[in-house]
Amino acid sequence: MAFSAVFAIVAVSVTALTATGPLHARQYAENQAMIYNFAELAPTPELEWTPCYNNFTCALLEVPLDYTDTSIGITHLAIIRLSAQNDSAEDLLVNPGGPAASGVDMVLQDSSVIKEKVGSQYNLIGIDPRGVKNSGPDVTCFPGYPPAGRNAFYAEAFSVPDDTSAYGLAMSFQTLGAYGNWCTGIYSVDGTAKYVGTVAVAQDFLHYIELAAQAKGREPSDAKLNYYGISYGTVIGATFASLFPDRISHMVLDGVMDAEDYYSGGLETSVQDSDEAVRAFFRSCFEAGSEHCAFHGNANSWEELEDRYNAILDALKQSPIAVADSFAQNTIPFSLIPAVMTWQDLVSAVFSYVYSPVGQFPVLARILAKLEDGDASGLYVMNRAARIASTLDAGAYDDREARTLISCLDANGRFNLSTIEQYTDFVASMKKESQYGGLAVAGLVGPICRNLDVSPPESQLFTGTPSANRTSAPILFIGNTADPVTPLASAQKMARLFPGSTVLTVNISGHTQYGVASTCVNTFTQHYFLDARLPSPDTVCEVDKKPFVDSRGNAAESSVVRRWVL
């Protein structure tokens with residue numbers, strides 16, 4: 001999601017803030033205690049790095065809620081750094097998507113994957129954006145409430161809408177309205193929730209690179225951003241490029257969201273390739289054969305597998321399946337309660353598992369094979385209601401509140417379905433766009449904003465189309481041929497909105513190229529991060545592994561669904 005450079009009201013100079021006093025980074029003392037929690041740090045207006053998590057350094061940076069009026073108050077940003085071997089190395093910021101995914105976690109957990117994309121010459125910097133995990137302000141709608149109460153409500157609020165009856169749609173519509181009414185009341189208490197939109201995040205990025213430049217004795221106004229963002233992280237990148245087009249050194253945006261569509265609030269163009277992404281599962285399963293794909297069942301074509309899946313879906317619509325056997329707990333690392341598995345659970349599961357074909361297609365195949373035999377235990381972990389009493393959730397970060405708030409702030413009322421008729425039409429149009437992904441996305445954003453009465457300040461409001469006639473460096477966009485939520489057409493559109501940029505196409509299904517082994521892609525991205533060299537516009541890369549069978553001919557699978565995004 002990119003926008004145009006008509007945002008003069010938000011293109012404030014963050015240098016004005018840095019000029020008010022000395023802001024410099026201090027090297028940590030060798031005998032400084034190692035920390036493993038950002039709660040152990042005190043926020044500072046300077047970049048004060050502390051040893052953390054064994055091989056990293058961390059900072060808790062104090063920033064103004066509004067850069068145009070610092071009297072309003074402050075919040076803090078959690079930042080982690082993995083330093084390169086070269087003391088003169090430049091910083092490279094990364095973001096894993098969401099909205100509301102943790103940049104700190106991305107660097108902490110995936111530094112080796114990032115280095116495969118960008119090389120080893122950069123300091124890797126992960127920032128939790130405002131309202132996200134370790135950063136402030138606190139944006140929970142249930143402060144002090146037991147997790148079970150929150151989970152019980154969110155099990156309904158964030159579910160796939162039930163379009164099988166007028167009653168089901170009315171229930172969804174009213175639940176979404178209740179979410180907005182409730183959270184509006186909570187957020188109005190201290191009024192800080194309105195300061196966590198994407199424009200504010202872009203301004204924070206500018207503030208960070210200026211502080212880092214000043215710490216090295218450089219002119220802050222000359223600082224430029226090196227950035228790798230995926231999924232919603234591409235919206236942050238496009239926003240930064242629109243507001244500060246002359247402050248880019250290198251920028252790779254992978255799994256590109258149509259930023260104009262994102263800011264409109266409905267994600268209506270996001271599912272253009274969803275059906276193709278799901279059909280990639282049926283094709284891969286058929287090609288792998290019954291030896292590797294549990295759902296194959298000696299099928300004669302991939303279309304037969306698709307028909308069997310739809311038969312399972314129809315059967316669940318007629319008769320959901322209860323799962324209440326205690327043995328299921330033996331394979332799940334957190335507490336669940338008895339629950340009824342529905343067709344919405346299957347739609348949600350399929351949409352989740354097609355994000356990562358190499359690791360997750362085998363898991364999905366086993367779930368479907370069991371469902372054909374009437375066993376729904378494979379869906380157990382995907383059922384929101386079953387997790388109401390989850391002990392895992394008791395102290396865990398829940399990204400749903402921040403994700404929703406950020407999306408709604410960015411849309412700022414541009415997508416307001418105030419009647420059941422409008423909501424019904426929207427759900428129908430999304431399903432028409434994609435029979436497999438439309439309902440899943442319709443339950444995530446858009447309609448849930450209708451009663452959330454929270455708006456960003458004028459200085460953090462984005463209007464227009466994300467774009468720039470010229471950027472100080474060309475942007476490299478990366479798009480898969482069958483991405484369930486960021487279609488290739490979005491990457492192509494965004495590249496047109498930033499002249500001089502290029503799309504690198506990857507011949508693979510799944511969401512983003514990040515985390516998928518591809519020597520071809522890594523070669524191009526590493527070259528780009530060295531000298532901003534772009535591949536030719538017609539370049540298409542293949543990947544090193546296919547679903548179900550890895551490069552050595554062994555069955556490939558994973559039991560973990562990794563969803564950095566949406």
J.: Check step by step if side chain to side chain contact (heavy atoms under 4.5 Å, CB included) holds for K115 and S112.
T.: CA-CA 5 Å; K115 288 180 179 180; S112 61; 5.7 Å; no
J.: Looking at every non-hydrogen atom in both residues, tell me the closest pair between C293 and A288 and how far apart they are.
T.: CB-CB, 4.4 Å
J.: Checking E306 now: which residues fulfil salt bridge (Lys or Arg N to Asp or Glu O under 4.0 Å) with it, not counting sequence neighbours?
T.: R279
J.: Any donor-acceptor pair under 3.5 Å linking the side-chain atoms of D110 with those of Y514?
T.: yes
J.: Between R414 and Y263, is any pair of side-chain heavy atoms under 4.5 Å apart?
T.: yes
J.: Answer whether the closest heavy-atom distance between the side chains of L405 and P99 falls below 4.5 Å.
T.: no
J.: Would you please say whether a donor-acceptor pair under 3.5 Å links the side chains of T140 and E401?
T.: yes
J.: Heavy atoms only: give me the nearest Q435-N310 pair and the separation to one decimal.
T.: NE2-OD1, 4.1 Å
J.: Starting from the C-alpha separation in whole Å, work towards a yes-or-no answer on side chain to side chain contact (heavy atoms under 4.5 Å, CB included) for Q492 and V256.
T.: CA-CA 9 Å; Q492 295 166 339; V256 184; over 6 Å; no
J.: Going by side-chain contact (heavy atoms from CB on, under 4.5 Å), K133 matches just one of D128, D398, D399. Which one?
T.: D128
J.: Test your reading of the model: is there a side-chain donor-acceptor pair from S290 to the backbone of N298, 3.5 Å cut-off?
T.: no
J.: Rounded to the nearest 0.5 Å, how far apart are CG of L488 and CG of D273?
T.: 7.0 Å
J.: Do you see a donor-acceptor pair shorter than 3.5 Å between the side chains of D254 and Y228?
T.: yes
J.: Are F281 and Y436 near enough that their ring centres are under 6.0 Å apart?
T.: no
J.: Stepwise, does the ring-ring contact (aromatic ring centres under 6.0 Å, His included) test hold for F426 with F415?
T.: CA-CA 11 Å; F426 169 71; F415 192 85; 5.0 Å; yes
J.: What do the steps show when you test V521 against V506 for side chain to side chain contact (heavy atoms under 4.5 Å, CB included), and what is the final call?
T.: CA-CA 8 Å; V521 172; V506 187; 3.7 Å; yes
J.: Keeping the roles fixed (side chain from N95, backbone from Y232), state whether a donor-acceptor pair exists under 3.5 Å.
T.: no
J.: H292 and F548: aromatic ring centres closer than 6.0 Å?
T.: no
J.: Okay, side chain of D410, backbone of G265: is any donor-acceptor separation there less than 3.5 Å?
T.: no
J.: Within a strict 4.5 Å, meaning less than it, do heavy atoms of the I127 and V104 side chains meet?
T.: no
J.: Closer than 3.5 angstrom, by distance alone: can the side chain of N480 be matched with the main-chain N or O of T512 as a donor-acceptor pair?
T.: yes
J.: Roughly how far, to the nearest 0.5 Å, is CD1 of I478 from CG of D483?
T.: 12.0 Å
J.: Considering residues at least two apart in sequence or located in another chain, which fulfil the salt bridge (Lys or Arg N to Asp or Glu O under 4.0 Å) criterion with E116?
T.: none
J.: Closest heavy-atom contact between P161 and Y423?
T.: CB-OH, 3.4 Å
J.: Ignoring hydrogens and angles, tell me if any N or O in the side chain of Y528 forms a donor-acceptor pair with the backbone of M251 under 3.5 Å.
T.: yes
J.: Hydrogens and angles aside, do S418 and Q422 bring a side-chain donor and acceptor to less than 3.5 Å of each other?
T.: yes
J.: Side chains of D375 and S377: any donor to acceptor distance under 3.5 Å?
T.: yes
J.: Mind checking whether Y122 and H250 have parallel, tilted or perpendicular rings, split at 30° and 60°?
T.: perpendicular
J.: Can you confirm whether the side chains of T525 and N522 place a donor and an acceptor under 3.5 Å from each other?
T.: no
J.: I'd like to know whether E303 forms a salt bridge (Lys or Arg N to Asp or Glu O under 4.0 Å) with R283, so could you lay out the CA-CA distance, the side-chain angles of the two residues, the decisive distance to 0.1 Å, and finally the verdict.
T.: CA-CA 8 Å; E303 292 90 346; R283 292 189 177 96; over 6 Å; no
J.: Using the ring centroid of each side chain, check whether F286 and H296 are separated by less than 6.0 Å.
T.: yes
J.: Who passes salt bridge (Lys or Arg N to Asp or Glu O under 4.0 Å) against D162, sequence neighbours left out?
T.: none
J.: Let me confirm one number: the CE-OG distance from M257 to S490, rounded to the nearest 0.5 Å.
T.: 8.0 Å
J.: Hey, are the side chains of V485 and L267 touching, using non-hydrogen atoms and a 4.5 Å cut-off?
T.: no
J.: Checking side-chain contact (heavy atoms from CB on, under 4.5 Å) between L368 and each of V363, L379, L346, which is the one that passes?
T.: L346
J.: Quiz question: by atom type and distance under 3.5 Å, do the side chains of S536 and T539 form a donor-acceptor pair?
T.: yes
J.: How about L534 and L504: do any of their side-chain heavy atoms sit closer than 4.5 Å?
T.: no
J.: Please confirm whether R308 makes a cation-pi placement over F295, using NZ or CZ under 6.0 Å from the six-membered ring centre and within 45° of the ring normal.
T.: yes
J.: Measure the shortest side-chain to side-chain distance between T502 and I475 over non-hydrogen atoms and say whether it is less than 4.5 angstrom.
T.: no
J.: Under 4.5 Å between any side-chain heavy atoms of Y353 and F361, yes or no?
T.: no
J.: Please check this pair: side chain of S348 against backbone of Q344, looking for a donor-acceptor N/O pair closer than 3.5 Å.
T.: no
J.: To the nearest 0.5 Å, what is the distance between CZ on R150 and CZ on F142?
T.: 8.5 Å
J.: Testing the 3.5 Å rule here: is there a donor-acceptor pair between the side chains of H511 and S356?
T.: no
J.: For the pair D258 and K493, evaluate salt bridge (Lys or Arg N to Asp or Glu O under 4.0 Å) and give the outcome as yes or no after the intermediate values.
T.: CA-CA 7 Å; D258 178 342; K493 173 182 175 178; 3.0 Å; yes
J.: Does NZ or CZ of R450 lie under 6.0 Å from the centre of the six-membered ring of F173, at an angle within 45° of the ring axis?
T.: yes
J.: Distance from D425 atom CG to M430 atom CE, nearest 0.5 Å?
T.: 13.5 Å
J.: Tell me if a side-chain donor or acceptor on D261 pairs with a main-chain N or O of T269 at a distance below 3.5 Å.
T.: yes
J.: Should V160 and F351 count as side-chain neighbours, where that means a heavy-atom distance under 4.5 Å?
T.: no
J.: Just by modelled atom types, is the E542 backbone N or O under 3.5 Å from a matching donor or acceptor in the S518 side chain?
T.: yes
J.: Judged by atom type as modelled, is there a donor-acceptor pair below 3.5 Å linking the side chain of S274 to the main-chain atoms of S434?
T.: no
J.: For the backbone of F529 and the side chain of R533, can you confirm whether one donor and one acceptor N or O come within less than 3.5 Å of each other?
T.: no
J.: Which heavy atom in V445 sits nearest to a heavy atom in S407, and how many Å separate them?
T.: CG1-OG, 3.8 Å
J.: Rounded to the nearest 0.5 Å, what separates atom CG in L371 from atom CG in L316?
T.: 6.0 Å
J.: Determine whether the aromatic ring centres of residues F153 and W182 are separated by less than 6.0 angstrom.
T.: no
J.: For F477 versus S501, what's the shortest heavy-atom pair and its separation?
T.: CE1-CB, 3.6 Å
J.: Could you pull out the closest heavy-atom pair between I420 and A170, with the gap in Å?
T.: CD1-CA, 3.9 Å
